[in-house]
Peer 1: 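Pasting a structure below so you can have a look.
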Amino acid sequence: MLKEYLNIRDIIGPLVLLQEVEGVTYGELAEIKLATGEVRRGRVLEITNRKALIQVFEGTQGIARDNVKVKFLGKGMEIGVSPDIVGRIFNGAGETIDGGPPIIPVKYLNINGNPMNPCARDYPNEFIQTGISSIDGMNSLVRGQKLPIFSGAGLPHAKIAAQIARQARVLQTEEKFAVIFGAMGVTFEDANYFITDFQRTGAIERAVLFINLADDPTIERIAVPRMALTVAEYLAYEQDAHILVILTDMTNYCEALREISAARKEIPGRRGFPGYLYTDLATLYERAGRIKGKKGSITQIPILTMPEDDKTHPIPDLTGYITEGQLILSRLLHTKSIYPPIDILPSLSRLKDKGIGKDKTREDHFDVVNQLYAAYARGKNVKELAVVLGESALTPLDVQYIKFSELFEKMFLRQGEEEDRTIGETLNIGWKTLGFLPKTELKRIKQVHIERYYKPWSDSPQQIINVP
């Protein structure tokens, strides 16, 4: 028989402070029963001197010191898992919201997971194809990697997330692949877009969705990524599947952490965020990876919106320290109607070299990436120089590099929202773009690859450059 407590000492925002408790542990679930019979759920955030601080999921409105009974359940927050979980949609509390039958769990797992032994980690070295050239070609995603997308308000990160979820696949078709999609603090419109898009395209058949709306309880926003990663670990390490976890928007998650921290009256860190923000993010990001002896893997793409497009903001700054690179969306490319507006110059995938090349993508991949990057960077630099000195100060080759940079954006970076390019198609488009440059300028490509793939342009590229 579980003991019920009546001795509430204080109520602060979404928090309830209970005194004279015994045997309560950090993270333990609690039930708060009101005089009306309503039952609310909570989680223990802190234990000090027989006092328990409880975060109430549904909020504390209507709770008073003398009208509630609190009961601790002796376990942390769990989610029931089974192979049938694929294809289902859940809310932030782990309850199905797709109208289907309830999940019959094979087991219950604590959403906080277990730490992964660093010695058991296997090095990521296998390519994942997203169908997006600016990712597959220039900043390749590797199984077991953590590759975040840094976006800004008004940029199409939601469309990119949905497109990656639809199109991502491993090149070995016989291997099981699934997508776990966790949305935190999104609007009803965005949530409806994700659900409708997954159902329309059939991607829902190999996906699990967790949706937390902006008006849902804050504590659920904290739980969603942990539930998503717990399901991912079950499918990857017990069902031998390769899992891609997409989490959006991590900024909403971090702001929920800040809200809870402020309610607990903790000393704030940078911009009001708690001092343990780095540690908390690491507990999520480091749950990605591969384990020696296990067939499955977990790859993460966290998506966050940078406040005021500021890369030095604590959320993108700390995320960059933990993860293996970043994809940065450009507002300038977006105004040019380039979709997806991924700016390849500041973007980086630190593990791409391990996942590309012969027997993985194609033998010319590494050379093509280096040459495209160098040529595009030179074209952008010359363009900035022309603003200062005027175009009359440029050489004919400089002008050609400016045109190349425009051509690269229109041909290589830009593609349709429904366009799913194979890695072969991406590299072929890269070679076609490089055909605009003289062969003598391809200094980063082996001669054997130039002889096989290079074809110089015979027509003027102006028609493509002028495409709106």
Peer 1: Heavy-atom distance under 4.5 Å between the side chains of Leu244 and Leu141, does that happen here?
Peer 2: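 Yes - at least one pair of side-chain heavy atoms lies under 4.5 Å apart.
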Peer 1: Under 3.5 Å, is there a donor-acceptor pair between the side chain of Glu324 and the main chain of Lys146?
Peer 2: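 Pair found, side chain donor or acceptor close to backbone of Lys146.
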Peer 1: On a heavy-atom basis, which atom in Ala165 and which in Val179 lie closest, and how many Å separate them?
Peer 2: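 Nearest pair, atom of Ala165 first, then Val179: O-CG2, 3.6 Å.
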Peer 1: In sequence, state the C-alpha distance, the side-chain angles, and the governing distance for Tyr278 and Asp317, and then conclude on side chain to side chain contact (heavy atoms under 4.5 Å, CB included).
Peer 2: CA-CA 10 Å; Tyr278 178 91; Asp317 187 35; over 6 Å; no
Peer 1: Check the angle between the aromatic planes of Phe408 and Tyr376 and answer parallel, tilted or perpendicular using the 30° and 60° thresholds.
Peer 2: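 Ring orientation, 0 to 90° scale: tilted.
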Peer 1: Has the side chain of Thr422 got a donor or acceptor atom that lies under 3.5 Å from a matching backbone atom of Glu425?
Peer 2: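 Confirmed, Thr422 side chain pairs with Glu425 backbone.
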Peer 1: So, Thr218 and Glu220: side-chain donor and acceptor under 3.5 Å apart, yes or no?
Peer 2: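 No donor-acceptor contact under 3.5 Å links the two side chains.
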Peer 1: Set out, in order, the CA-CA distance, both residues' side-chain angles and the distance that settles side chain to side chain contact (heavy atoms under 4.5 Å, CB included) for Asn110 and Thr230, then state yes or no.
Peer 2: CA-CA 8 Å; Asn110 190 305; Thr230 301; over 6 Å; no
Peer 1: Strictly distance-based, threshold 3.5 Å: is any side-chain N or O of Lys71 a donor or acceptor partner for the main-chain N or O of Ala30?
Peer 2: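 Not at all, since once roles are kept as given, no pair shorter than 3.5 Å links the two residues.
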Peer 1: Taking the basic N atoms (NZ, or NE/NH1/NH2) and the acidic carboxylate oxygens, is any pair closer than 4.0 Å for Glu286 and Arg121?
Peer 2: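 A salt bridge is present here (some side-chain N lies under 4.0 Å from a carboxylate O).
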Peer 1: Does any N or O in the side chain of Glu46 come within less than 3.5 Å of the main-chain N or O of Leu53, such that one atom is a donor and the other an acceptor?
Peer 2: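 Judged by distance alone, no pair lies under 3.5 Å.
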Peer 1: Please determine whether a side-chain nitrogen of the Lys or Arg among Asp98 and Arg88 lies less than 4.0 Å from a carboxylate oxygen of the Asp or Glu.
Peer 2: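 Between Arg88 and Asp98 there is a salt bridge, with a charged N closer than 4.0 Å to a carboxylate O.
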Peer 1: Does the distance from a Lys or Arg side-chain N to an Asp or Glu carboxylate O, for Asp240 and Lys294, drop under 4.0 Å?
Peer 2: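 Result for this pair is no, no salt bridge flagged.
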Peer 1: For a quick check under 3.5 Å, do Tyr285 and Gln300 share a side-chain donor-acceptor pair by atom type?
Peer 2: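 No, no side-chain donor-acceptor contact under 3.5 Å.
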Peer 1: Judged by atom type as modelled, is there a donor-acceptor pair below 3.5 Å linking the side chain of His242 to the main-chain atoms of Ile298?
Peer 2: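 No: the side chain of His242 does not pair with the backbone of Ile298.
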Peer 1: Using atom types as modelled and distance alone, determine if a side-chain donor or acceptor of Thr60 lies under 3.5 Å from a backbone N or O of Ile63.
Peer 2: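 Here the side-chain-to-backbone pair does not exist.
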Peer 1: Atom OG in Ser140, atom CD1 in Ile423: separation rounded to 0.5 Å?
Peer 2: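 Nearest 0.5 Å value for the OG-CD1 distance: 5.5 Å.
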Peer 1: So do the side chains of Phe366 and Thr361 get within less than 4.5 Å of each other, counting heavy atoms only?
Peer 2: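 Answer no - side chains too far apart.
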Peer 1: Do the charged groups of Lys176 and Glu238 touch, with an N to O distance under 4.0 Å?
Peer 2: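 Looking at Glu238 together with Lys176, the answer is no, because their closest N to O distance does not fall below 4.0 Å.
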Peer 1: Main chain of Gly416, side chain of Glu419: is a donor-acceptor contact present, judged purely on distance under 3.5 Å?
Peer 2: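 Checking the backbone N and O of Gly416 against the side chain of Glu419, a donor-acceptor pair under 3.5 Å is found.
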Peer 1: What residue among Gln145, Lys360, Arg290 forms side chain to side chain donor-acceptor pair (under 3.5 Å) with Asn125?
Peer 2: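 The side chain to side chain donor-acceptor pair (under 3.5 Å) with Asn125 is passed solely by Arg290 among Gln145, Lys360, Arg290.
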Peer 1: Considering only NZ, NE, NH1 and NH2 on the basic side and carboxylate oxygens on the acidic side, decide whether Arg40 and Glu31 come within less than 4.0 Å.
Peer 2: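 No, Arg40 and Glu31 are not salt-bridged.
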Peer 1: For a quick test of reading the model, state the closest non-hydrogen atom pair linking Ser347 to Ile328 and the distance between them.
Peer 2: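 The pair with the smallest heavy-atom distance is OG-N, 2.9 Å.
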Peer 1: Can you see which heavy atom on Gly355 is nearest to which on Phe127, and at what distance?
Peer 2: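 Closest heavy-atom pair between Gly355 and Phe127: O-CB, 3.2 Å.
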Peer 1: CG/Leu304 to SG/Cys254 distance, rounded to the nearest 0.5 angstrom?
Peer 2: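 Nearest 0.5 Å value for the CG-SG distance: 7.5 Å.
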Peer 1: When you compare the side chains of Arg421 and Ser133, does any donor N or O come within less than 3.5 Å of an acceptor on the partner?
Peer 2: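 A pair is found: one side chain offers a donor N or O, the other an acceptor, under 3.5 Å apart.
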Peer 1: Salt bridge (charged side-chain N to carboxylate O under 4.0 Å, His left out) for Asp420 and Arg169? Distances and angles first, verdict last.
Peer 2: CA-CA 11 Å; Asp420 186 2; Arg169 61 179 55 86; 2.9 Å; yes
Peer 1: Step through the shown structure and confirm whether more than 12 heavy atoms of other residues, nucleotides or ligands are within 6.0 Å of CD on Glu95.
Peer 2: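 Yes, the 6.0 Å shell around CD holds more than 12 heavy atoms from other groups.
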Peer 1: Are Glu255 and Arg221 within salt-bridge range, i.e. N to O under 4.0 Å?
Peer 2: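 A salt bridge is absent here (no side-chain N lies under 4.0 Å from a carboxylate O).
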Peer 1: Closest approach of Gly152 and Asp309, non-hydrogen atoms and distance?
Peer 2: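 Looking at all heavy atoms of both residues, the shortest contact is CA-OD1, 3.5 Å.
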Peer 1: If we count only N and O atoms by modelled type, under 3.5 Å, do the side chains of Glu22 and Tyr5 hold a donor and an acceptor together?
Peer 2: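 There is no such pair between these side chains.
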Peer 1: Calculate, to the nearest 0.5 Å, the distance between atoms NZ and OG1 belonging to Lys33 and Thr36 respectively.
Peer 2: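 The distance works out to 10.0 Å.
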Peer 1: Could Arg41 and Glu58 be called an ion pair, given the rule that one side-chain N must be under 4.0 Å from one carboxylate O?
Peer 2: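 Judged by the 4.0 Å cut-off on N to carboxylate O distance, Arg41 and Glu58 do form a salt bridge.
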Peer 1: Taking everything shown except Glu418 itself, do over 12 heavy atoms lie less than 6.0 Å from its CD?
Peer 2: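 It does: Glu418 CD has more than 12 such atoms within range.
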Peer 1: May I ask you to check whether Thr196 and Gln199 show a side-chain donor-acceptor distance below 3.5 Å?
Peer 2: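 Checked: Thr196/Gln199 side chains show no N/O donor-acceptor pair below 3.5 Å.
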Peer 1: Could you please spell out the steps behind the side chain to side chain contact (heavy atoms under 4.5 Å, CB included) verdict for Arg200 and Asp197?
Peer 2: CA-CA 5 Å; Arg200 174 183 63 84; Asp197 188 79; 2.8 Å; yes
Peer 1: How long is the gap from OG on Ser151 to CD1 on Ile149, to the nearest 0.5 Å?
Peer 2: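 It is 8.0 Å, given to the nearest 0.5 Å.
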Peer 1: Could you tell me if the side chain of Ile246 sits less than 4.5 Å from the side chain of Ile303, heavy atoms only?
Peer 2: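 A side-chain contact exists here, since the closest heavy-atom pair is under 4.5 Å.
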Peer 1: Can you tell me if Asn7 uses its side chain to pair, donor with acceptor, with the backbone of Gln19 under 3.5 Å?
Peer 2: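 Such a contact is found between Asn7 side chain and Gln19 backbone.
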Peer 1: Determine, for Glu409 against Arg414, whether the closest basic-nitrogen to carboxylate-oxygen distance falls under 4.0 angstrom.
Peer 2: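 Salt bridge: no.
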Peer 1: Would you call Lys354 and Glu126 a salt bridge, using N to O less than 4.0 angstrom?
Peer 2: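 Salt bridge: no.
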Peer 1: What I want to find out is whether Glu406 reaches Lys383 closely enough, with some N-O distance under 4.0 Å, to be called a salt bridge.
Peer 2: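 Yes, Glu406 and Lys383 are salt-bridged.
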Peer 1: Less than 6.0 angstrom from the centroid, inside 45 degrees of the normal: does Arg258 satisfy that with respect to the ring of Phe273?
Peer 2: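 Positive - Arg258 is close enough to the ring of Phe273 and near enough to its axis.
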Peer 1: Kindly compute the distance separating CG (Leu247) from CD1 (Ile301), expressed to the nearest 0.5 Å.
Peer 2: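 Going from the CG atom of Leu247 to the CD1 atom of Ile301 covers 10.0 Å.
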Peer 1: Determine whether the side chains of Thr130 and Gln167 contain a donor N or O and an acceptor N or O closer than 3.5 Å.
Peer 2: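 Not at all, the side chains of Thr130 and Gln167 share no donor-acceptor pair under 3.5 Å.
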Peer 1: Is there a donor-acceptor contact under 3.5 Å linking the side chains of Asp280 and Tyr253?
Peer 2: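 Present: a donor and an acceptor within the cut-off.
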Peer 1: Looking at Asn212 and Gly92, would you say the former's side chain and the latter's main chain have a donor-acceptor pair under 3.5 Å?
Peer 2: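 Answer holds: no.
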Peer 1: Taking all non-hydrogen atoms of both residues into account, name the closest pair between Leu413 and Ser134 and its distance.
Peer 2: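 Closest heavy-atom pair between Leu413 and Ser134: CD2-CB, 3.8 Å.
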Peer 1: Check for me whether the distance between the ring centres of Phe210 and Phe181 falls short of 6.0 Å.
Peer 2: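 Ring centroids of Phe210 and Phe181 are no less than 6.0 Å from each other.
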Peer 1: To the closest 0.5 Å, what do you measure between CG (Asn252) and OG1 (Thr305)?
Peer 2: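 Reported value, rounded in 0.5 Å steps: 6.0 Å.
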Peer 1: For Thr323, does its backbone N or O pair with a side-chain atom of Arg350 as donor and acceptor, under 3.5 Å?
Peer 2: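 At least one qualifying donor-acceptor pair exists.
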Peer 1: Quick check: closest heavy atoms across Leu213 and Ala191, and the distance to 0.1 Å?
Peer 2: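 Scanning both residues, the minimum pair turns out to be CD2-CB, 3.5 Å.
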Peer 1: For Glu266 and Tyr276, which I'm curious about, is there any donor-acceptor pair between the side chains at under 3.5 Å?
Peer 2: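 A pair is found: one side chain offers a donor N or O, the other an acceptor, under 3.5 Å apart.
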Peer 1: With side chain to side chain contact (heavy atoms under 4.5 Å, CB included) as the test, would you mind laying out the steps for Ile211 and Asn91 before giving the verdict?
Peer 2: CA-CA 5 Å; Ile211 305 292; Asn91 62 14; 6.0 Å; no
